[in-house]
Undergrad: 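Could you have a look at this structure, given as C-alpha cells, before my questions?
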Amino acid sequence: MDSSISHELSKLDPAVPFRATADHLHHTWAKTFFSRPELYVRPQSIAEVQQLVTLARRCRRRLVTVGSGHSPSDLTCTSSWLVNLDDFNRILHVDTETRLVTVEAGIRLYELGPRLEEQGLTLENLGSIDSQSIAGVIATGTHGSSLRHGLLSECIESLGLVLSNGQLVRCSATNNSDLFRAALVSLGALGIVVEVTLRARPAFNIAWRQERYSLSKVLSEWSTGLWTSHEFVRVWWLPYEKGAIVWRADPTDQPLRAPPKNFYGEWFGYHVYHNLLALSSYVPRILPWVEWFIFGLQYGFRPGATVTEAVEPARAGLLMNCLYSQFVNEWALPLEKGPEAIIRLSAWLHGDLQTARIPFSPKGLWVHCPIEVRVSDSSKNSNPRPFLDPTCRDEPTLYLNATLYRPYFRDPPCRQRYYEAFEWLMRDMGAKPHWAKNFTTLDSTELHRLYKDDMDQWLKVRQEVDPEGMFLGEWHCRNLPVVGPSEHDDQLPLAERESQRCKADISGAGDGLEWIGERRWQSQTHSEEDHASELLHDHSAPSPPTTATSEESFDLLAKGEASILIHGA
Ligand SMILES: Cc1cc2nc3c(=O)[nH]c(=O)nc-3n(C[C@H](O)[C@H](O)[C@H](O)COP(=O)(O)OP(=O)(O)OC[C@H]3O[C@@H](n4cnc5c(N)ncnc54)[C@H](O)[C@@H]3O)c2cc1C
Ligand SMILES: O=C1O[C@H](CO)C(O)=C1O
C-alpha cells in the first residue's frame with residue numbers, strides 16, 4: 001500500500017479494520033469492461049465504511065461502490081478505490097406484521113429471497129435475475145415486467161447512506177425526502193448506501209404460462225389485454241420470425257409444478273446456440289435461420305404449437321435464463337407508443353426504410369434476438385418518485401431492450417449500426433435510456449433535456465452531499481451535467497476522469513475493454529494547510545457513530561457544518 005495511505009491510516013482508530021487488498025481485477029458480469037482499482041475494500045460494518053470514507057478524503061481518492069457488477073457499462077470502473085459490501089449483507093430486522101424488513105445494503109437478492117421466505121415474505125417484483133445487490137438494484141432503477149408495479153425500488157421505505165464527510169444519514173419519504181428521492185436512483189454518486197428498509201409482500205407462488213404468438217397478434221392485443229390479463233407479463237420479440245414469446249404469470253394457490261426441460265437450458269442446447277452465435281459473427285446472414293432454429297426447438301416452430309407452464313415460488317419463477325455475455329440497450333417510453341416503435345424497428349430490420357423512417361442503412365446488417373418487450377407503471381405509486389426515474393410519470397411505461405450477445409466475449413459486428421439506429425428511433429419516440437445499460441449516443445446535455453428540473457434537483461442534492469466529487473467518475477461526467485460547461489474539473493477535485501480505454505490484455509477477456517482512470521491524486525499534493533483546515537472542518541467529533549435523521553442535520557451537512565466521527569482520529 002502507498003506509504004501516504006498507510007500514514008493516514010495510522011492516524012485512524014486501529015480497532016476499526018481496513019479490509020483492503022491491492023491487485024484486484026474488477027470486471028462487469030458481461031466482461032464488457034475491466035479495471036484495476038488501486039485498492040479493493042470489503043468493509044463489514046458501518047464504522048468501517050465511515051473510516052474508509054474518511055481515509056479516502058484525506059488521501060484524495062475517489063470511491064466507487066460495486067454490487068455484483070451486473071451493470072454492463074463502465075459505471076463501476078475505477079483506478080482508484082473500489083468498495084464492495086458483499087460482507088455487509090445481514091438481515092437486521094424483520095417485522096412480520098408491518099412486513100418492513102431492514103437489511104445491510106450489500107445483500108444479494110438471491111440471499112434475501114430465501115431469508116424472507118423463512119418469514120413468510122417475499123419481494124413484490126423482480127427483474128430477470130436475482131444476482132444483484134439490493135443497493136445496486138435501487139441505484140440504477142432496475143425494473144421487472146408488470147403494469148401493477150413500477151421500479152423495484154418502489155418497495156423501499158428508507159435508506160441509510162454514508163456521505164462523503166463520513167456521516168451516516170437516514171432518509172425516507174418523510175425524512176430528508178430530497179435526499180431520498182435522489183438516492184432512489186443514485187447511480188452510486190451520492191455516497192455509500194449501507195442500510196435499506198423495504199416493504200415485503202406475503203410470500204406467493206406464481207403459475208406461469210409461455211407460448212408463441214405471431215407479432216401481429218401481439219400488436220392487435222396490445223391495448224386489449226396483452227399487458228393487463230395477468231399481474232406479470234413479458235414478451236420476447238423475434239424480429240426475423242415476426243413472432244414473439246409471450247410469458248404471463250399470476251399468483252396462485254396451485255401446488256408447485258417444476259418447469260419442463262428446455263433446449264438451451266441444457267448443456268447441449270446451450271453450447272449449440274452459443275456456437276451458432278459465434279459463427280454468426282463471421283457469417284451474420286445466418287442469424288434469421290438461427291432465430292428460427294433455436295427458438296423453434298425452444299418454444300415450438302409455430303404460434304401456439306408449444307405451451308410451457310409451471311408453478312414456482314415468485315422469487316424463482318419470475319427469473320429467466322440470461323445465457324451469455326451481452327450488450328443490453330434498453331429504453332423507457334410510453335406504452336401506447338409501443339406498436340409504432342415495434343412496427344418501425346421491424347420495418348428497418350426488414351429493409352423497409354419508408355415505414356421505418358430511421359436514417360441509417362440496414363443493408364447487410366443482421367441482429368440477435370430477442371428484443372425484450374416489458375412494462376412497468378409508476379403512475380399510481382404513492383411513494384416519492386426518484387428524481388432520475390426514467391419511467392413515465394402519468395401513464396404506463398414500455399421498456400424495449402435490444403439484446404446483443406457476445407459469444408465467447410466477442411462483440412458482434414452489427415453492434416454499432418444497430419445501436420445507432422435503435423437509439424435514433426428511441427430518441428425520436430421521446431424515450432429515456434435505462435441508466436445501467438449500454439446506451440452510447442446521448443450526452444449530458446440531451447439527458448438533461450429529458451429530465452429537466454428533476455435532474456437539476458438531483459444535481460443539487462448530489463452537490464450538497466458530495467461537494468468534492470468523491471463519488472463521481474467519467475461515466476457521471478459524460479452523462480450528467482455535474483459541472484457546468486464553463487466550470488473546470490477543479491471544482492470536483494476527487495472526481496475521476498478516464499485517461500485511456502484499450503482492449504483488455506487479459507486472458508479470457510475477449511473484446512472486453514480495460515478502463516484506466518487518471519491518477520489525479522498524484523498531482524494533488526495535499527498540503528499541511530489543507531489538511532489542517534480539513535481537520536478543523538470535518539474531523540471534530542471522535543465519538544460513537546453519528547446518525548443524522550432529521551431535515552435539520554441534512555441542512556447542516558449541506559452547509560459543511562455537521563460533525564462526523566473519525567474512529568481513532
Ligand atoms: C443478466 C442481467 C440481467 C438483468 N436484468 C435486469 C432486469 O430484468 N431489469 C433491469 O432493470 N435491469 C436488469 N439488469 C441490470 C441490473 O439490474 C442493474 O445493472 C443493477 O444495477 C445491477 O446491480 P449490481 O448489484 O450488480 O450493481 P452494480 O452494477 O455493481 O452497480 C450499479 C450501481 O449501483 C451503485 N451501487 C452499488 N452498491 C451501492 C451501494 N451500496 N451504495 C451506493 N451505490 C451502490 C454502483 O456504484 C453503480 O452506480 C440486468 C443485468 C444483467 C447483467
Ligand atoms: O440487462 C438485461 O439482461 C437481460 C436480458 O438477457 C435482461 O432481462 C435485462 O434487463
Undergrad: Tell me if a side-chain donor or acceptor on Asp428 pairs with a main-chain N or O of Trp424 at a distance below 3.5 Å.
TA: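 Here the side-chain-to-backbone pair does not exist.
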
Undergrad: Test your reading of the model: is there a side-chain donor-acceptor pair from Arg478 to the backbone of Ser444, 3.5 Å cut-off?
TA: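 Checked: no pair found.
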
Undergrad: Step by step, would you call Asp456 with Lys460 a salt bridge (Lys or Arg N to Asp or Glu O under 4.0 Å)?
TA: CA-CA 6 Å; Asp456 288 335; Lys460 181 167 174 277; over 6 Å; no

Undergrad: To the closest 0.5 Å, what do you measure between CG (Leu179) and SG (Cys171)?
TA: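 One gets 4.0 Å once the value is rounded to the nearest 0.5 Å.
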
Undergrad: Does Val53 reach the side chain of Ile192, with side-chain heavy atoms less than 4.5 Å apart?
TA: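 Yes; the side chains approach each other to less than 4.5 Å.
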
Undergrad: Identify the residue among Arg62, Arg60, Arg61 that makes a salt bridge (Lys or Arg N to Asp or Glu O under 4.0 Å) with Glu38.
TA: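 When salt bridge (Lys or Arg N to Asp or Glu O under 4.0 Å) is applied between Glu38 and each of Arg62, Arg60, Arg61, only Arg61 qualifies.
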
Undergrad: Is the gap between the ring centers of Trp222 and Trp227 under 6.0 Å?
TA: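 Yes, they do, as the ring centres are separated by less than 6.0 Å.
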
Undergrad: Mind checking the CG-CZ spacing from Leu85 to Arg42? Nearest 0.5 Å is all I need.
TA: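 Nearest 0.5 Å value for the CG-CZ distance: 9.5 Å.
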
Undergrad: Show me the donor-acceptor pairs within less than 3.5 Å that the side chains of residues 127-134 make with the rest of the protein, sequence neighbours left out.
TA:
{"residue": "Ser128", "atom": "OG", "partner": "Arg374", "partner atom": "NH1", "Å": "3.1"}
{"residue": "Ser133", "atom": "OG", "partner": "Gly136", "partner atom": "N", "Å": "2.9"}

Undergrad: What distance do His70 atom NE2 and Leu75 atom CG have between them, rounded to the nearest 0.5 Å?
TA: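 Between His70 NE2 and Leu75 CG, I get 14.0 Å after rounding to 0.5 Å.
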
Undergrad: Applying side chain to side chain donor-acceptor pair (under 3.5 Å), which residue pairs with at least one partner in residues 395-405 are found, sequence neighbours left out?
TA: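 Every pair satisfying side chain to side chain donor-acceptor pair (under 3.5 Å) with a residue in residues 395-405: Glu372-Asn401.
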
Undergrad: Judged by modelled atom types alone, do Thr441 and Arg427 share a side-chain donor-acceptor pair under 3.5 Å?
TA: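 Judged by distance alone, the side chains do pair up.
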
Undergrad: Checking Arg170 against Glu195 for the salt bridge (Lys or Arg N to Asp or Glu O under 4.0 Å) test, could you report, in this order, the C-alpha distance in whole Å, the side-chain angles of both residues, the deciding distance, and whether it holds?
TA: CA-CA 9 Å; Arg170 293 208 165 80; Glu195 261 178 38; 3.0 Å; yes

Undergrad: As a test of understanding, state which of Lys31, Arg501, Gln500 forms a side-chain contact (heavy atoms from CB on, under 4.5 Å) with Leu513.
TA: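 Looking at Lys31, Arg501, Gln500, the match for Leu513 under the side-chain contact (heavy atoms from CB on, under 4.5 Å) is Arg501.
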
Undergrad: Which value, rounded to the nearest 0.5 Å, describes the distance between Phe34 atom CZ and Thr28 atom OG1?
TA: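 If we round to the nearest 0.5 Å, Phe34:CZ and Thr28:OG1 are 7.0 Å apart.
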
Undergrad: Answer yes or no: are there more than 12 heavy-atom neighbours, outside Arg519 itself, under 6.0 Å from its atom CZ?
TA: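 Check passes, neighbour count above 12.
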
Undergrad: Do Glu468 and Ser164 have side-chain N/O donor and acceptor atoms under 3.5 Å apart?
TA: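 Judged by distance alone, the side chains do not pair up.
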
Undergrad: Please say which of His434, Lys437, Glu423 ends up in a side-chain hydrogen bond (donor to acceptor under 3.5 Å, both in side chains) with Asn329.
TA: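 Of the listed options, the one satisfying the test is Glu423.
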
Undergrad: Taking atom CG of Asp389 and atom OG of Ser378, what is their separation to the nearest 0.5 Å?
TA: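 Taking CG in Asp389 and OG in Ser378, the distance rounds to 4.5 Å.
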
Undergrad: Cation-pi check for Phe232 against Arg248: NZ or CZ below 6.0 Å from the six-membered ring centre and within 45 degrees of the axis, yes or no?
TA: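 Here Arg248 fails the 6.0 Å and 45° test against Phe232.
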
Undergrad: If we ignore hydrogens and angles and just use 3.5 Å, is the side chain of Ser35 paired with the main-chain N or O of Thr78 as donor and acceptor?
TA: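 A pair under 3.5 Å: yes.
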
Undergrad: Specify the closest pair of heavy atoms between Leu52 and Trp81, including all atoms of both residues, with the distance to one decimal.
TA: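 The pair with the smallest heavy-atom distance is CD1-CE3, 3.9 Å.
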
Undergrad: Quick check: His149 with His143 (ring centres under 6.0 Å apart)?
TA: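 Centroid separation for His143 and His149: 6.0 Å or greater.
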
Undergrad: Could you check whether the rings of Phe439 and Trp435 sit parallel, tilted or perpendicular, using 30° and 60° as the cut-offs?
TA: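 Ring orientation, 0 to 90° scale: perpendicular.
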
Undergrad: List the atom of Leu151, the atom of Pro386, and the distance in Å for their closest heavy-atom pair.
TA: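 Minimum heavy-atom contact is CD1-CG, 4.2 Å.
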
Undergrad: Glu157 vs Arg199, test: salt bridge (Lys or Arg N to Asp or Glu O under 4.0 Å). Steps then yes/no.
TA: CA-CA 7 Å; Glu157 285 284 320; Arg199 206 178 334 101; 2.8 Å; yes

Undergrad: How long is the gap from NE2 on His448 to CG on Leu442, to the nearest 0.5 Å?
TA: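 That separation rounds to 14.0 Å.
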
Undergrad: For atom CD of Glu336, is the number of surrounding heavy atoms from other residues, nucleotides or ligands below 6.0 Å larger than 12?
TA: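 Result for CD/Glu336: open.
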
